[in-house]
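Please read these numbers as outputs of a predicted model, since none were measured by experiment. Residue numbers run from 1 in the order of the sequence given.
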Amino acid sequence: MGKGGEKGEESGECKPQVRSYTWEEIQKHNLRTDRWLVIERKVYNVTQWAHRHPGGQRVIGHCAGEDATDAFQAFHINPSLVQKFLKPLLIGELAPGEPSQDRDKNSQLVEDFRNLRKTAEDMNLFRASPLFFSLYLAHIIAMEALAWLMVSYFGTGWITTLILACILATSQAQAGWLQHDFGHLSVFKKSSWNHIVHKFVIGHLKGASANWWNHRHFQHHAKPNIFKKDPDVNMLHIFVLGESQPIEYGKKKLKYLPYNHQHEYFFFIFPPLLIPVYFQIQIISTMIKRRFWADLAWAISYYMRYFITYIPFYGILGSLFLLTFVRFLESHWFVWVTQMNHIPMEIDCEKHKDWLSSQLAATCNIEQSFFNDWFTGHLNFQIEHHLFPTMPRHNFWKIKPLVKSLCAKYGVQYEEKPLGKAFVDIVGSLKKSGDLWLDAYLHK
């Protein structure tokens, strides 16, 4: 229950009454129509404001009834600026006897992680290199230009077209990694500049929606591998993931597909169809339904540029086939890279872990090399990226030893593996989940 509290008088003036709340009371306010959260022991009612949240109302709702301090710091590059939006939402603070962390989290671990973040700030690891990102954008534009030069000089033969498609797919994949940087506000000091360039990269260079990406991806970061909160593990009954879901499906005799063969049909459904089919439908429908007109305009500019460039060589139908094939190739690249860090890890319902423990349970790293850094867009440092999403990726290697040391101190598993093994583990994990489903389906 809430407790009334009042601070003393200073200089003869009474300060306004500050209400105090227990965690028991705060945790009751975790509904869609009733959302409270705690940031640095301050209690905020975000119920009415959630729909205005730039990152989407769902991500803020996922933190309702919890201490959201680490999530708040992780997603905002200027927390003091954001505080002005929070001030009108303040309704009180934690009662003096209440711990700063909810649900018996390890307060020393949480404090040490926040000290680690302070260390990273003191080391200037949140400062981006303009040269790095300028060269990265330049190499994407260079590939686009090379593709046009190839078809201009060598014509539209099968070999030329295949090479051109591979170049365009590479350009699209790398543009995907670059928009990810701007989407996470990790390039410019001002959020507004990151948002502007993000719309250019994801919209004009890729034909997608910045708002669609923000609302989807931030949920993944806030609650990675958590059912009903992370959209990336919502497999629409096509796959069962982790250990609890397949057993639940098996006990309920749910058989939308033969899940014991999901590690086999994965190759025909997930990598080839995610971007050219599912994402395309979702992106276009989201922009129209939610009236993201600016995003739609940027996406149209991409398709105009593409068709103006290639219709003179391939015609309308040929250009459509080429674009679909490029998306098909890019989709394979994207799926293998993005799923290798997450599918083999813990996937379960909400367990309310602290920020460090929840991110480490859901992510793993891939061994560093120049190729791995480039091929994955530095997502081979998935652990560091999830802990510090606004950190420029070229600095991940600098914070990595400190993260490993902190994990070792508290017995938190820090997993790192070769690239090839990471790919194999995706299939192995799907097979394991499928076998769990079959056993529960037949015997439980």
Side-chain angles (χ1 to χ4, degrees), residues 1-10 13-31 34-50 52-55 57 59-122 126 218 221-223 226 229 350-359 386-390 406 410 412:
M1 295 293 293
K3 298 178 181 178
E6 189 172 346
K7 294 188 175 181
E9 298 180 0
E10 293 181 6
E13 295 182 4
C14 292
K15 288 191 174 182
Q17 186 179 34
V18 178
R19 290 204 62 184
S20 298
Y21 298 95
T22 64
W23 278 116
E24 181 182 1
E25 171 69 13
I26 293 167
Q27 288 165 7
K28 295 175 183 177
H29 299 271
N30 64 348
L31 307 174
D34 184 17
R35 295 169 172 171
W36 293 8
L37 50 79
V38 176
I39 299 174
E40 295 178 341
R41 295 190 65 85
K42 303 293 184 181
V43 183
Y44 300 91
N45 184 344
V46 298
T47 307
Q48 300 301 322
W49 185 82
R52 297 166 51 200
H53 183 234
Q57 63 174 322
V59 66
I60 203 170
H62 295 337
C63 297
E66 300 180 359
D67 175 31
T69 303
D70 292 311
F72 177 78
Q73 293 178 340
F75 292 130
H76 302 98
I77 59 176
N78 192 347
S80 59
L81 178 65
V82 183
Q83 286 287 348
K84 72 177 184 179
F85 297 100
L86 287 174
K87 192 173 182 179
L89 310 177
L90 180 66
I91 60 172
E93 58 187 28
L94 285 173
E98 290 293 303
S100 296
Q101 286 76 44
D102 58 301
R103 296 179 173 87
D104 298 322
K105 294 174 183 174
N106 188 331
S107 59
Q108 189 59 52
L109 186 157
V110 173
E111 182 180 350
D112 283 355
F113 172 74
R114 292 175 184 174
N115 288 336
L116 174 60
R117 181 179 181 85
K118 181 65 169 60
T119 299
E121 293 170 353
D122 294 340
F126 290 93
F218 292 157
H221 268 269
K223 297 291 181 179
I226 302 298
K229 294 188 176 182
E350 177 67 85
K351 292 185 176 179
H352 302 287
K353 297 180 179 180
D354 62 84
W355 183 259
L356 176 76
S357 300
S358 64
Q359 302 299 332
H386 265 256
L387 291 176
F388 309 104
T390 61
L406 181 60
Y410 289 97
V412 178

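At least one donor-acceptor pair under 3.5 Å links the side chain of W23 to the backbone N or O of P99.
Separation of atoms CG (N115) and OG1 (T119) is listed at 6.5 Å; rounding is to 0.5 Å. Between the CG atom of L109 and the CD atom of Q101 there is a distance of 9.5 Å, given to the nearest 0.5 Å.
Ring planes of F113 and F388: parallel class, angle under 30° (limits at 30 and 60°).
Qualifying salt bridge (charged side-chain N to carboxylate O under 4.0 Å, His left out) partners for D104, counting only residues two or more places apart in sequence or in other chains: none. Listed by chain and residue number, W49 satisfy the ring pair (Phe, Tyr, Trp, His ring centres under 6.0 Å) test with H53 (two or more places apart in sequence, or in another chain). For R117, the salt bridge (charged side-chain N to carboxylate O under 4.0 Å, His left out) partners at least two apart in sequence or on another chain are E121. Annotation: ring pair (Phe, Tyr, Trp, His ring centres under 6.0 Å) contacts of H386 (sequence neighbours excluded): H220, H221, H342. Applying the ring pair (Phe, Tyr, Trp, His ring centres under 6.0 Å) test to Y44 and every residue at least two apart in sequence or in another chain returns nothing.
The shortest side-chain heavy-atom distance between V38 and V43 falls under the 4.5 Å cut-off. Between L406 and L356 the shortest side-chain heavy-atom distance falls below 4.5 Å. At a threshold of 4.5 Å between non-hydrogen side-chain atoms, the residues R103 and Q27 count as touching. C63 places none of its side-chain heavy atoms less than 4.5 Å from the side chain of F72. Counting only heavy atoms from C-beta outward, the side chains of S107 and S100 never approach each other to under 4.5 Å. Inter-residue side-chain proximity for D102 and I26 is flagged as unmet; no heavy-atom pair is nearer than 4.5 Å. For the pair T390 and F126, the minimum side-chain heavy-atom distance is below 4.5 Å. Looking only at side-chain heavy atoms (C-beta outward), Q73 and E40 come within less than 4.5 Å of each other.
G92 approaches V18 most closely through the heavy-atom pair CA-CG1, 4.4 Å.
Surrounding CD of Q48 are at most 12 heavy atoms belonging to other residues, nucleotides or ligands under 6.0 Å away.
Sorted by first and then second residue, the salt bridge (charged side-chain N to carboxylate O under 4.0 Å, His left out) pairs involving residues 66-92 (not counting sequence neighbours) are E66-K223, D67-R114, D70-R114.
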